[in-house]
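First up is the structure itself, then whatever we jot down about it.
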Number of protein chains: 2
Amino acid sequence: MSATYSFRPDVPKHVQIAAELRAQITAGKLSPRLPIPSEPTLMQTYGVARDTARKAVAVLRDEGYITTVKGMGSFVRDKRDWPSGRPGA
Amino acid sequence: MSATYSFRPDVPKHVQIAAELRAQITAGKLSPRLPIPSEPTLMQTYGVARDTARKAVAVLRDEGYITTVKGMGSFVRDKRDWPSGRPGA
DNA sequence: AGATATTTGTTCGTATGTATC
DNA sequence: GGATACATACGAACAAATATC
């Protein structure tokens with residue numbers, strides 16, 4: 001069985017996972033030195049396919065929260081690169 | 001903004017995309033060594049969903065113009081396998 | 001140098017649901 | 001009912017970059 005994770009209906013899983021990760025990032029719970037949870041880790045943590053895990057990561061990358069390095073992982077970027085960190089706002 | 005592509009009404013998108021690719025194949029603009037545009041590429045080029053891109057590729061595969069390999073892509077087949085290459089015609 | 005493991009990148013295959021015409 | 005078209009989601013295979021041993 002394994003409850004893995006409770007997803008809300010009518011909201012794409014990758015969006016919900018992205019929201020979780022975004023919250024952890026903005027809360028400073030993820031070190032900029034270490035990579036965020038890898039795709040395999042996200043797959044197991046949330047009980048989803050790689051496709052879904054990758055989409056979640058893509059959301060945060062598009063938003064500017066993280067940067068991804070092939071063969072390494074994704075890393076949290078400087079706060080200035082975050083959506084809420086834009087000076088002109 | 002990218003105009004993506006101008007589709008004609010009353011003609012299925014996948015049929016129009018297939019026609020484009022067929023023209024490129026018969027014109028020898030696609031090397032048999034390299035795969036034809038991938039599904040993601042077709043999606044972006046024509047601004048359609050994967051479903052539609054796959055249907056276009058399926059048309060050419062059914063016609064004998066290409067052969068598809070999982071994880072690799074679709075490749076142009078020998079002219080003898082094309083509809084116009086049938087000797088009995 | 002070489003081999004292995006980990007991780008991301010890319011590609012096709014399949015199924016389901018929704019909406020529209 | 002059927003065809004078109006989009007989005008979501010899982011599976012599978014291969015490729016490439018990185019790190020470690």
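A, B, ... follow the sequence lines: proteins, then strands. Residue 1 opens every chain. Because the structure is a prediction, the values reported are computed rather than measured.
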- Given the rule that a pair is Watson-Crick or G-U wobble with both distances under 3.5 Å, how would you write DNA chain C in dot-bracket, using | for pairs to a different strand? .||||||||||||||||||||

- Considering just the side-chain nitrogens and oxygens of B:K13, establish if one lies under 4.0 Å of OP1 or OP2 belonging to D:dC6. yes

- Should B:V57 and B:T68 count as side-chain neighbours, where that means a heavy-atom distance under 4.5 Å? yes

- Take the protein atom CD1 of B:I17 and the nucleotide atom C1' of D:dC6, then report the distance between them rounded to whole Å. 13 Å

- Task: Please work out whether the ring planes of A:Y46 and A:F7 are parallel, tilted or perpendicular, with thresholds of 30° and 60°.
- Result: tilted

- Message: Would you say A:E20 and A:Y5 are linked by a side-chain donor-acceptor pair, where the criterion is simply a distance under 3.5 Å?
- Response: yes

- Message: Rounding to an integer number of Å, can you tell me how far A:M43 CE sits from D:dA12 C1'?
- Response: 11 Å

- Note on the structure: Of the candidates D:dC6, D:dC10, D:dT18, the side chain of A:M72 sits closest to D:dT18

- Query: Any chance the side chains of A:R77 and A:T67 put a donor and an acceptor closer than 3.5 Å?
  - Reply: no

- Message: Can you measure A:D10 atom CG to D:dA7 atom C1' for me and round it to whole angstrom units?
- Response: 13 Å

- Message: Are B:T26 and B:W82 packed together at the side-chain level, in the sense that at least one heavy-atom pair is separated by less than 4.5 angstrom?
- Response: yes

- Roughly how far apart are B:L21 CG and B:L42 CG, rounded to 0.5 Å? 5.5 Å

- Rounded interatomic separation in angstrom, taking CG from A:L42 and P from D:dC10: 13 Å

- Message: Between P on D:dA9 and NZ on A:K55, what's the gap in Å once rounded to a whole number?
- Response: 7 Å

- Toward the 5' end of DNA chain C, by each residue's nearest nucleotide, B:V69 or B:D51: B:V69

- Note on the structure: Note: for A:V11 and B:K70 on DNA chain D, the residue whose nearest nucleotide lies more 5' is A:V11

- Item | Any side-chain heavy-atom pair of A:I25 and A:I66 under 4.5 Å | yes

- Report, as yes or no, whether the 6.0 Å neighbourhood of atom CD on A:Q24 holds more than 12 heavy atoms from other residues, nucleotides or ligands. yes

- Query: Is there a side-chain contact between A:V48 and A:I17, using heavy atoms and a 4.5 Å cut-off?
  - Reply: yes

- Have a look at A:P35 and say if it touches a base, only the backbone sugar-phosphate, or nothing, with a 4.0 Å heavy-atom cut-off. nothing

- Assign A:V48 to base, sugar-phosphate, or nothing according to its heavy-atom contacts below 4.0 angstrom with the strands shown. sugar-phosphate

- Task: For the side chain of B:P12, starting at C-beta, report the closest nucleotide among D:dC14, D:dA5, D:dT8.
- Result: D:dA5

- Message: Please determine whether a side-chain nitrogen or oxygen atom of B:T52 lies at a distance below 4.0 Å from atom OP1 or OP2 of D:dC6.
- Response: yes

- Could you state the atom-to-atom distance from CD of B:Q44 to C1' of D:dC6 in whole Å? 17 Å

- Message: Distance check needed: D:dA12 C1' versus B:E39 CD, whole Å only.
- Response: 14 Å

- Whole angstrom value for the distance that separates P of D:dC10 from OH of A:Y46: 14 Å

- Query: Can you find a heavy atom in the side chain of B:K13 that is under 4.5 Å from one in the side chain of B:K55?
  - Reply: no

- Nucleotides bounding contact with chain A, strand DNA chain C, heavy-atom threshold 4.0 Å: C:dT7 to C:dT10

